[in-house]
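Okay, structure first, notes after.
Side-chain atoms are counted along with the backbone in the values below, which use heavy atoms only and exclude waters and symmetry mates. Just so you know, residue 1 is the first one in the sequence shown, and it goes up from there.
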Amino acid sequence: MSYEHIVVVGGTAGCLAAGKLAGEHGARVLVLEAGPDDRNPLIRMPAGFVKLLGVEKYMWFYKSVAQARLGGRMPIVPQGRVLGGGSSVNAMVYMRGQPADYDGWADAIGDEQWSYDALLPYFIAMEDNARLNDNYHGVGAYQVTTRNGRRCSAVDAFLRPAIASGRVEVKTSCLVHSLIIDNGRAVGVRYSQEGGGQTVEEVRCDGEVLLAAGAIATPKLLMLSGIGPADHLKSHGIAAFVDLPGVGANLQDHTETPVVALCNGPYGYYGHDRGWKQIRNGLEYLLNRSGPVTSNGVEAGAFFDPDDLDRDPKIQQFCVPTVYLDKDHTDQQASHGLTLNSCVARPRSRGSVKLASADPKDQPLVDPNYLADPEDLRLSIGGVRRAREILRQDPLQSMIAREVFPGPDKLSDADLAEHARRFVKTVYHPVGTCRMARDGDAGGVLGADMRVRGVRGLRVIDASAIPTIISGNTNAAVLVVADKAVEFITGGKRRQPAGLAPRSNPTNRQIA
């Protein structure tokens with residue numbers, strides 16, 4: 001097959017773009033995915049992702065550089081490494097964010113088509129809501145990307161239907177090494193396939209190369225191809241084809257700080273994945289598509305301002321009905337419990353992704369720079385205090401045996417700051433490392449149409465392109481970003497009428 005477009009890689013954004021380009025626009029598309037296919041049955045089971053999060057076959061485990069404000073901790077930032085990317089291994093929470101998030105994008109990019117009112121039709125078009133349709137909510141059960149008790153990944157929703165057309169070819173276990181650039185235009189990629197030894201193959205296309213490898217791998221690939229900060233590239237012996245200082249900068253990620261309590265009875269999911277309970281739950285799922293296996297593990301949450309001011313929510317809180325801590329904390333015995341994780345919805349801290357070497361197989365240097373801005377720490381403390389208030393409310397209070405972390409004796413801001421530095425972790429939402437920006441913005445990497453500056457035939461269509469992180473789970477936003485990319489590539493008409501409607505009422509910034 002000859003290809004019009006090459007998509008690197010087959011994650012959330014890549015699956016949508018490839019599926020729509022082939023299925024709706026008749027294009028011939030090649031998808032190169034670094035991980036395996038998505039045939040593992042645990043991927044289909046909503047609760048199955050919990051068993052996949054620690055499996056190297058399906059995950060990239062990016063070890064961050066030592067974090068100065070976390071006492072030198074080097075927390076892992078996992079990302080999906082399987083066809084479907086994060087949409088195949090995430091907690092399936094579907095969250096648009098709030099209007100102010102996208103209106104901020106429009107201001108940063110200098111283009112109203114990135115505002116909330118302009119993007120809302122794209123969200124609605126890809127949704128099939130079973131509840132809370134066309135409503136806003138801030139507290140309650142989460143909407144999730146499942147259908148009939150099964151995960152509905154970007155592969156299921158967009159890519160697999162298009163594969164039947166014969167216009168999409170998917171190659172898994174393919175690590176892309178660099179772009180092929182001829183006369184200032186991206187015309188293909190170099191890659192190696194797992195099991196192929198040291199052989200590096202080349203593949204070319206007639207149209208565009210679309211980078212969708214995520215906020216860590218996409219800037220790495222650009223820099224390996226000579227697109228990025230010239231001095232940094234030179235230090236690794238890479239000649240700069242385009243000097244773009246913004247490549248790898250502006251890394252943003254949501255962080256969460258837990259409050260963990262033990263329960264006085266079997267109220268949560270502890271023990272449901274072993275022994276007789278596991279057998280019973282598996283049978284219930286296979287026979288009825290119901291029961292604990294249909295849970296995403298993060299069933300409810302809330303948005304609030306810990307300062308109790310009439311402003312946009314600053315904290316997203318997840319309720320996990322078990323003891324849930326990062327893998328570098330092994331000092332808590334497993335038991336029936338509850339974890340309330342407070343996520344800083346709009347972190348101010350900014351980090352970076354840099355090359356460790358010129359070897360494509362080496363992991364990049366990931367510096368999330370967690371809690372670099374004091375406001376992020378202040379809000380984390382506020383989230384912990386609010387979580388404690390929730391635990392003291394009936395009927396929940398009657399189910400709690402004792403608080404484990406931070407612990408009932410940890411009361412001062414200094415105590416809670418120490419707790420945050422010890423336990424704060426990623427929410428798996430890195431964005432922003434190849435951001436869209438106005439013309440003249442020296443830190444911008446992409447224009448409003450997602451084209452890489454200084455290179456023809458090349459776009460970034462994933463979370464890297466996002467200027468500022470949204471105040472909620474990022475999967476839905478990434479799907480819309482990819483949908484807009486398809487529109488730009490094909491010249492398709494916008495879904496909203498000419499002449500954008502006024503932006504949403506700025507005093508009504510509820511979470512959708």
Got a salt bridge between [X] and [Y], using NZ or NE/NH1/NH2 to carboxylate O under 4.0 Å?
{"X": "K361", "Y": "D359", "value": "no"}
{"X": "E208", "Y": "R459", "value": "yes"}
{"X": "E375", "Y": "R378", "value": "yes"}
{"X": "R81", "Y": "E194", "value": "yes"}
{"X": "E127", "Y": "R96", "value": "yes"}
{"X": "R346", "Y": "D101", "value": "yes"}

Indicate yes or no: at least one non-hydrogen side-chain atom of R421 is less than 4.5 angstrom from one of L377. yes
Just checking, is any N or O donor in the side chain of [X] or [Y] under 3.5 Å from an acceptor N or O on the other one?
{"X": "T146", "Y": "R151", "result": "no"}
{"X": "T426", "Y": "D253", "result": "yes"}
{"X": "K425", "Y": "Y370", "result": "no"}
{"X": "Y116", "Y": "Q98", "result": "no"}
{"X": "Y324", "Y": "N341", "result": "no"}
{"X": "Y191", "Y": "E202", "result": "no"}

Holding to side-chain contact (heavy atoms from CB on, under 4.5 Å), I want the full list of residues that pass it with P347, two or more places apart in sequence or in another chain. H254, V344, D376, I469
Donor-acceptor pair, distance only, cut-off 3.5 Å: does the side chain of [X] make one with the backbone of [Y]?
{"X": "D367", "Y": "S352", "answer": "no"}
{"X": "R453", "Y": "V242", "answer": "no"}
{"X": "S64", "Y": "I76", "answer": "no"}
{"X": "H232", "Y": "A230", "answer": "no"}
{"X": "H5", "Y": "L210", "answer": "no"}
{"X": "W105", "Y": "P467", "answer": "no"}
{"X": "E33", "Y": "T172", "answer": "no"}
{"X": "R435", "Y": "V445", "answer": "no"}
{"X": "N369", "Y": "R350", "answer": "yes"}
{"X": "R73", "Y": "A66", "answer": "no"}

Report, one line per pair, each donor and acceptor closer than 3.5 Å where one atom sits in a side chain of residues 180-188; sequence neighbours left out.
| residue | atom | partner | partner atom | Å |
| --- | --- | --- | --- | --- |
| D182 | OD2 | R204 | NH1 | 2.8 |
| R185 | NH2 | G207 | O | 2.9 |

For residues 212-221, which side-chain N or O atoms pair as donor and acceptor with protein atoms under 3.5 Å away, sequence neighbours left out?
| residue | atom | partner | partner atom | Å |
| --- | --- | --- | --- | --- |
| T218 | OG1 | A213 | N | 3.0 |
| T218 | OG1 | G214 | N | 3.3 |
| T218 | OG1 | G214 | O | 3.2 |
| T218 | OG1 | D462 | OD2 | 2.8 |
| K220 | NZ | P360 | O | 2.7 |
| K220 | NZ | D362 | O | 3.0 |

Which residues satisfy the salt bridge (charged side-chain N to carboxylate O under 4.0 Å, His left out) test with R160, sequence neighbours excluded?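 Only D38, D156 meet the salt bridge (charged side-chain N to carboxylate O under 4.0 Å, His left out) criterion with R160.
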Can you name the side-chain hydrogen bond (donor to acceptor under 3.5 Å, both in side chains) partners of T12, sequence neighbours left out?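 Scan of T12 (side-chain hydrogen bond (donor to acceptor under 3.5 Å, both in side chains), adjacent residues dropped) gives N475.
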Per the ring pair (Phe, Tyr, Trp, His ring centres under 6.0 Å) rule, what does the pair list look like for residues 456-478, sequence neighbours excluded?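 Ring pair (Phe, Tyr, Trp, His ring centres under 6.0 Å) check on residues 456-478 returns no pairs.
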Hey, is NZ on K63 packed in by over 12 heavy atoms from elsewhere, all under 6.0 Å? no
